[in-house]
2 protein chains.
Amino acid sequence: MGEAPDKAMSRRERLRVEATRQILEIALHQMASEGPGAISLRGIAREMGMTPRAIYSYFATRDDLITALIRHISSSLADALERARDAVPAAHPENRLLAWGQALRVWAMANPQGFQLVYGDPIPGYQQPEQGPVEEAALRICGGLNRLVAAACSPLPYSPEAAAEADWSDFPAGYLATVRAEVPDLSPAVASRALRVWGRLHGLVTLEIHGHLRAVCNDPAVLYRAEMLDLVRSLAPAPSGAGTDERNVITPAT
Amino acid sequence: MGEAPDKAMSRRERLRVEATRQILEIALHQMASEGPGAISLRGIAREMGMTPRAIYSYFATRDDLITALIRHISSSLADALERARDAVPAAHPENRLLAWGQALRVWAMANPQGFQLVYGDPIPGYQQPEQGPVEEAALRICGGLNRLVAAACSPLPYSPEAAAEADWSDFPAGYLATVRAEVPDLSPAVASRALRVWGRLHGLVTLEIHGHLRAVCNDPAVLYRAEMLDLVRSLAPAPSGAGTDERNVITPAT
DNA sequence: TTCCATAAGTATACGGCGTGTCATGTTTCT
DNA sequence: AGAAACATGACACGCCGTATACTTATGGAA
């Protein structure tokens, strides 16, 4: 959480870092138990045994605190995703994608409130700064996903139907530039599929988080897994030779 | 909104119905402009030129008001979906599914706050009653979707992979009973696919509603359309004869 | 080592929001 | 005429973010 205290800092600075760390941690805890809307300076101060006014030495305003929180949480999510992806050898792009998706759900279930802080309704009364942390994270996550999807359907032929799927003009220039930095041989079809893959994973996760799957299926993990397998299968244009076959799709540990 | 005033009612009753109608309408309007968390008895009273206390004659508590609101909105959504579905001849199940999905997005974009009231984070401090209106709506919507999906992949062969997709034990008994009332020849694979289809649509819609698609694609409708087409194509086990071919998938008017 | 600017902390207060509950009129139906 | 439904204004109680003014501890320069 935040920067780690460093030996080179003065005592004062160490205390300061430690205090901001604690503030963010308590805010996180409050959000986890009462929802993002329950984050309040007073509540944090109460829990820290401080005066509400004292918080202002660390965050000039409530919105600043929330912005810091969002930034921290979303980068924590991005870290988790990249870690999961890198744990699978690059030679198995489908499995990397599977691991990525699995990590997304696992993280979301472990931090439901964090997930909804980043992807859900904005906190009432909170005005995010321009070029807010949310968009930052979205770009980072989307970029990574594009690379994965591009790899997973690597020999995407230039079939007419793939060309009909999407066009360069469908995407904003800034986004394309960012993604191209990671995926040089990007095609519109891949960009479109990456976003749609994101949507598929996001949909089941949010449904589950908000409890809409509770009444309709016993184990959402099973559903999610089936969806991911279907998804990977639909990306790889399928076995016309030594391509991806079912046996290559191993099951990552839950 | 609510029951319509009836000639048979006394003047008093007509006034009462009209007042509750107006209360709900204003609540709806408030929610649409300030978000679900901003719904407040006092705010409504202010806008109606009434004393806050007067509202309590119609809704005993704030939670009751919200429950009524959720019930009204979710049934409005279900109505819209069924209307769109029925506008397409039953002979074209894929197109019915397409229309259903299209209607979902259109409704959501027209009532984003309503959508998040039903599917998003619960309103802070709101305790939904047991067997709440949310689950009611979920069952109704899920049931309809199951029927559509079953029709769209009607000659689903009992292939081993389809059997591996899901099992009866994956679904709670109550849910199965409800769905079977509409879809007598339900199979586990269809039930699983229906939920996953729901997830695919839901994912893109929520991403768009929360603004996460703004920075990454120019026209979410195009993306959504591509996803729906892909989805329909993946349901129908594909052309091994006179089945579904691309030409059958007509474009419903936006 | 001394001393002072600065930062972190305290207490208190303002103005606003919200839900829900009193006792008390006022209108309408029977 | 009387009972029920509806409306009123004043309260109680709780939250919130933020501001002012004052005290204390700290860190570095003289």
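Side chains are part of it too, since the values below use all heavy atoms of this structure and drop only hydrogens, waters and symmetry mates. Worth saying up front: this structure is predicted, and the values here are computed from it rather than measured. Residue numbers begin at 1 in each chain, while the letters A, B, ... track the order of the sequences.
The stretch residues 52-61 of chain B comes close to DNA chain D through B:Arg53, B:Ala54, B:Tyr58, each having a heavy atom under 4.0 Å from the strand.
Relative ring orientation between A:His212 and B:Tyr119 is described as perpendicular, the plane-to-plane angle rising above 60° on a 0-90° scale split at 30° and 60°.
Taking a 6.0 Å sphere around CD of A:Glu182, one finds it holds more than 12 heavy atoms contributed by other residues, nucleotides or ligands.
Rounded to an integer number of Å, the gap from B:Leu65 CG to C:dG20 P is 10 Å. Between the CG atom of B:Asp64 and the C1' atom of C:dG20 there is a distance of 13 Å, rounded to whole Å. Rounded to a whole Å, the CG atom of A:Leu15 is 19 Å from the P atom of D:dT24.
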Using the 3.5 Å cut-off, write out each protein N or O paired with an N or O of nucleotides 3-5 of chain D and the distance between them.
{"residue": "D:dA5", "atom": "O4'", "partner": "B:Arg12", "partner atom": "NH2", "Å": "2.9"}
{"residue": "D:dA5", "atom": "N3", "partner": "B:Arg12", "partner atom": "NH2", "Å": "3.1"}

Close N/O contacts between protein and nucleotides 11-14 of chain D (under 3.5 Å):
none

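Salt-bridge annotation for A:Glu18 and A:Arg14: absent, with no side-chain N of the basic residue lying under 4.0 Å from a carboxylate O of the acidic one. Classification of A:Glu82 and A:Arg140 as a salt-bridged pair holds, one side-chain N sitting under 4.0 Å from a carboxylate O. With salt bridges taken as basic N to acidic carboxylate O contacts below 4.0 Å, none links B:Asp219 and B:Arg225.
Each of B:Ala38 and A:Ala19 has a nearest nucleotide on DNA chain C; the 5'-most of these lies closest to A:Ala19.
A side-chain donor from one of B:Tyr126 and B:Thr67 sits under 3.5 Å from a side-chain acceptor of the other. At a cut-off of 3.5 Å, with distance as the only test, a side-chain donor of B:Asn146 or B:Tyr175 sits close to an acceptor on the other residue.
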Check the pair B:His202, B:Phe115 against ring-ring contact (aromatic ring centres under 6.0 Å, His included), reporting the backbone distance first and the verdict last. CA-CA 10 Å; B:His202 185 81; B:Phe115 189 83; 5.7 Å; yes
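Once rounded to the nearest 0.5 Å, the distance linking NE2 of B:His29 with CD of B:Gln113 reads 11.5 Å. Residue B:Ile66 holds its CD1 atom at 4.0 Å from CD1 of B:Ile123, rounded to the nearest 0.5 Å.
Under the 4.5 Å side-chain criterion, counting only non-hydrogen atoms from C-beta, B:Arg200 is in contact with A:Glu227.
Among the atoms of the strands shown, base atoms are found under 4.0 Å from some heavy atom of B:Thr51.
Taking only side-chain nitrogens and oxygens, B:Arg46 comes nearer than 4.0 Å to OP1 or OP2 of C:dG18.
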